[in-house]
Structures are given as structure tokens and as C-alpha cells.
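Have a look at the structure below, then the notes.
Quick caveat: nothing in here was measured; it's all calculated off a predicted structure. Residue numbers begin at 1 in each chain, while the letters A, B, ... track the order of the sequences.
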There are 2 protein chains.
Amino acid sequence: MGSNDCIEMLRKANLKITPRRKAIIGFFLQNGRYFTPEEVWIALREDFKHLGLPTIYRNLRELEDIGILIRVFRSDQRLYYAICQLGKGKKHHHFVCKKCGRVSEVELCNFDDIAGDIESKLNCKIISHFMQIEGLCSKCMEEEMSERDEGQKVKE
Amino acid sequence: MGSNDCIEMLRKANLKITPRRKAIIGFFLQNGRYFTPEEVWIALREDFKHLGLPTIYRNLRELEDIGILIRVFRSDQRLYYAICQLGKGKKHHHFVCKKCGRVSEVELCNFDDIAGDIESKLNCKIISHFMQIEGLCSKCMEEEMSERDEGQKVKE
DNA sequence: CTATATGCAAAAACTTTGCATAAGC
DNA sequence: GCTTATGCAAAGTTTTTGCATATAG
């Protein structure tokens, strides 16, 4: 999904294609990681002489509502958003890099295989589930490797 | 896990067994659902002449740290806590009733079966995953049933 | 007796609202 | 032209901090 698909989604949702919206979406697409509203604001203020933080908050929420952005949950309870390439149609999850914050889509999910068992055990009805997978992305894994190598070199 | 196990956990964590702590844990154990700090505060103020909201916030966080409580995530980004019967030792997830907020432990998880596939696909290293399962608990399912029955009776 | 816990007051952090003006369609 | 979007100021809500006092161990 690229910029054009997002614009199409805005149209469908009857949201106007404004410069700020395009910039917000572009910012997330370019960076591929999660950000707080304030971080988005600070970054985009360089491109817009006047840019209100409330505008960012409002837009992020609207973009989340229509499935362009998703929320990332962290233990501080601040708002974190990331671009969602798959939209709301396909149920999927997200992988979040603990080091750099990169967010990737994960379509693979085998939860349905055990949902019935859980329902039997708790005598409940499962409606949905939300999963956030955490670890190191490929880039940060490489970095860890070379850092470790560096460490060994020093020891030698 | 009951009150006594919690007290044991407090000891291990070098937290003192204060009346407020016991009351907070007791409150969660009795009600089995999630609450905001404010809700806990309002409920416990009936038992304590003086009880500060900061005390509640501090205790809830500490109890979460040592694994007696867990956080429940909701779309409003407020703090929600529930008792965690299994503690931090065993990896597990939680089922949250969308209607009444009841929280149940779910030990069953087959995520590890696909973790490797996800790692291959994204070329990443998975460290952890967090899942929140939502639906209707047994009690709320029954209620839905009888409400539906009532509705049908009226139609007849 | 010492270290931790608590109440209270106050501040801080984060997010939302209101409204007049601007801009997309 | 009508409707939605935005900036700015201001308020609202939730959570945290500081510190003196109280209390558990």
C-alpha cells in the first residue's frame, strides 16, 4: 500500500485530501515505525509554517478510524501510531522492534486453532483478539551482531 | 492464587504488608474484573477515612511490577488493572469480557508454532508477544441468551 | 529504630474542545 | 457555496511528584 491507496481511502471516508493529511501519511510511510503525536508534529513543523498539535491529534485519530494507522501499545500509556499497510479488511497483527520501533505486518496467525479450546475451557464466546509481537527487526539484529563482534575484538 | 499468595509475593518483593495493599488486592480478588485507579479509590474510600489517589496509583504500579496485577488495554488510553492469578512466572494471556470486564487467565497458546515462520518471513528475532482476547464471559453469554429469549417472547 | 508507605497539595503531562478563519471539493 | 479542516488559545483529564508525617518490620 502506498500513498495513492491512502488517498483513495481518504476519499472513501469522505475526508478531504489536505496537505497536512498527505504529509502525515507520507511521514509514516517513509519512516515505517511508530511515533507519538508530538513527534509527528515536531517533524512536520519543518514543512509547515503553522501547524497545530491538535490538528495532528485529530488527524491521527481519524486515520486510525479508517484503518490507515494503527495504535501501538506501550507500558507508558501514551499514544503511539504507525502506518498499517493492510488496512482494516484483513485481520492481522503487528511486529514491533523493541530497539528502533519499526512496525511490520504479520498476516500469519494460528489463534483460531485454539480459540475453540479456550471457549470450552472458560465457557466463553471469543469475539476478537489483539496481538502485538515484539523483538528485533532485521536491521537491529545485524547491529546487535556487529556490536557483539566489536565487543569480542576489544576483548582479544 | 489467593490473598495469602499475594502477601507472600509482597514479602518477596520487600513491599510492606499494609492495610491499603491488602485492601487493594482483596478488592481485585473479590471482583475479578478490571478497574481504573479512580474506581479502586472510590470503592476503597468506604473502608478508609483517609485514602489518597496517589497511593492507589503507586500501589497499582508496584503490584503490576511484581506480577500481582496486569494491565488491560483499551482504546481510551486510561490505566486499567486486573488481578493476575498466575503471576509473571508462567507466560500466559488474558481473556477480557467486553460486557462486564471480567478478566480470566488463558494458559493455552500456540503462538510458538508459527513464531519461527514469522521470524523467517520478516528476518527478525521475536522476543515476546502480548495478546488480549476479547469476547463474552459465561455469565454475560447467559444474559445475552435470556435477553434474546425475552425479545422473542415480546414478538410472539 | 530504620526504611518504606501514605496523605495532601501541587504540578506535570498529555489530550481534547471551542471557535473563528481557511481551504478543499 | 457548503462542508470539512485548521490554528490558536484554553480547558480538561489523568497521572505523577514532593515532602512531611505515619507506620510496618
Side-chain angles (χ1 to χ4, degrees), chain A residues 3-4 6-27 34-66 68-69 71-81, chain B residues 3-4 6-27 34-66 68-69 71-81:
Chain A
S3 220
N4 292 333
C6 290
I7 286 174
E8 191 50 41
M9 288 173 81
L10 290 177
R11 283 224 172 74
K12 278 185 190 159
N14 288 315
L15 293 180
K16 292 179 176 174
I17 322 296
T18 67
R20 272 130 241 255
R21 284 208 174 112
K22 284 194 288 189
I24 290 170
I25 292 169
F27 176 73
Y34 62 77
F35 292 96
T36 62
E38 193 181 11
E39 287 170 332
V40 176
W41 180 56
I42 289 170
L44 296 188
R45 263 192 311 187
E46 305 198 340
D47 301 325
F48 295 94
K49 259 289 181 304
H50 297 280
L51 177 60
L53 189 49
T55 294
I56 303 293
Y57 272 94
R58 283 186 285 236
N59 273 291
L60 296 183
R61 175 175 285 189
E62 287 159 349
L63 294 176
E64 186 204 351
D65 287 343
I66 66 175
I68 288 179
L69 299 180
R71 294 265 307 273
V72 171
F73 289 93
R74 295 180 55 73
S75 55
D76 61 17
Q77 66 271 30
R78 298 184 65 181
L79 283 168
Y80 292 93
Y81 291 96
Chain B
S3 219
N4 292 332
C6 291
I7 286 176
E8 192 49 42
M9 289 172 80
L10 290 178
R11 281 225 173 75
K12 277 183 190 158
N14 288 317
L15 294 181
K16 294 180 176 173
I17 322 294
T18 67
R20 273 128 242 260
R21 283 207 176 113
K22 284 195 288 188
I24 289 171
I25 292 168
F27 176 74
Y34 63 75
F35 293 96
T36 63
E38 195 182 10
E39 287 170 332
V40 176
W41 180 56
I42 289 170
L44 295 188
R45 263 191 313 185
E46 305 198 340
D47 301 327
F48 295 94
K49 259 291 183 298
H50 297 280
L51 177 60
L53 190 48
T55 294
I56 302 295
Y57 273 94
R58 284 186 285 234
N59 273 290
L60 296 183
R61 174 174 287 187
E62 288 159 346
L63 294 176
E64 186 204 351
D65 287 343
I66 66 175
I68 289 179
L69 298 180
R71 294 265 308 273
V72 170
F73 290 92
R74 295 179 55 72
S75 54
D76 61 17
Q77 67 269 32
R78 298 181 65 182
L79 283 169
Y80 292 93
Y81 291 96

Taking only side-chain nitrogens and oxygens of [X], does any of them come within less than 4.0 Å of OP1 or OP2 of [N]?
X      : N       : answer
N59(B) : dT6(C)  : yes
Q77(A) : dT15(D) : yes
H50(A) : dT6(D)  : no

How many Å lie between [atom1] on [X] and [atom2] on [N], as a whole number?
X      : N       : atom1 : atom2 : value
L51(B) : dT6(C)  : CG    : P     : 9 Å
R45(B) : dC8(C)  : CZ    : C1'   : 14 Å
R78(B) : dG12(D) : CZ    : C1'   : 13 Å
L60(A) : dA5(D)  : CG    : C1'   : 14 Å
L79(A) : dT15(D) : CG    : P     : 12 Å
K49(A) : dC8(D)  : NZ    : P     : 12 Å
I7(B)  : dA24(D) : CD1   : P     : 13 Å
K22(B) : dG25(D) : NZ    : C1'   : 13 Å

Quiz item: Given dT17(D), dT15(C), dT15(D), which nucleotide is nearest the side-chain atoms of L53(A)?
Solution: dT15(C)
Quiz item: Taking the side chain of Y57(A) as its heavy atoms from C-beta onward, which of dG25(D), dT16(D), dC14(C) lies nearest to it?
Solution: dC14(C)
Quiz item: Distance-only, no hydrogens or angles: does the R45(B) side chain make a donor-acceptor pair with backbone N or O of L51(B) under 3.5 Å?
Solution: no
Practice problem: Determine yes or no for a side-chain-to-main-chain donor-acceptor pair under 3.5 angstrom, with R21(A) supplying the side chain and K16(A) the backbone. | Solution: yes
Quiz item: Are any of the side-chain heavy atoms of R71(B) and Y81(B) separated by less than 4.5 Å?
Solution: yes
Quiz item: Is there side-chain contact between V40(B) and N59(B), with at least one heavy-atom pair below 4.5 Å?
Solution: no
Quiz item: Is K16(A) side chain donor-acceptor paired with the dA23(C) base, going by distance under 3.5 Å alone?
Solution: no
Exercise. Map P37(A) and R21(B) onto DNA chain C by nearest heavy atom, then report which one ends up closer to the 5' terminus.
Key: R21(B)
Practice problem: For R11(A) and for F48(B), find the nucleotide of DNA chain C with the closest heavy atom, then tell me which residue's nucleotide is more 5'. | Solution: F48(B)
Quiz prompt | Partner of F35(B) under ring pair (Phe, Tyr, Trp, His ring centres under 6.0 Å), chosen from F27(B), W41(B), Y80(B) | solution = F27(B)
Quiz prompt | Upstream residue (5' side of DNA chain D) when T18(A) and L15(B) are each assigned their closest nucleotide | solution = T18(A)
Quiz item: Counting any heavy atom closer than 4.0 Å, what does R58(B) reach on the DNA or RNA strands: base, sugar-phosphate only, or nothing?
Solution: base
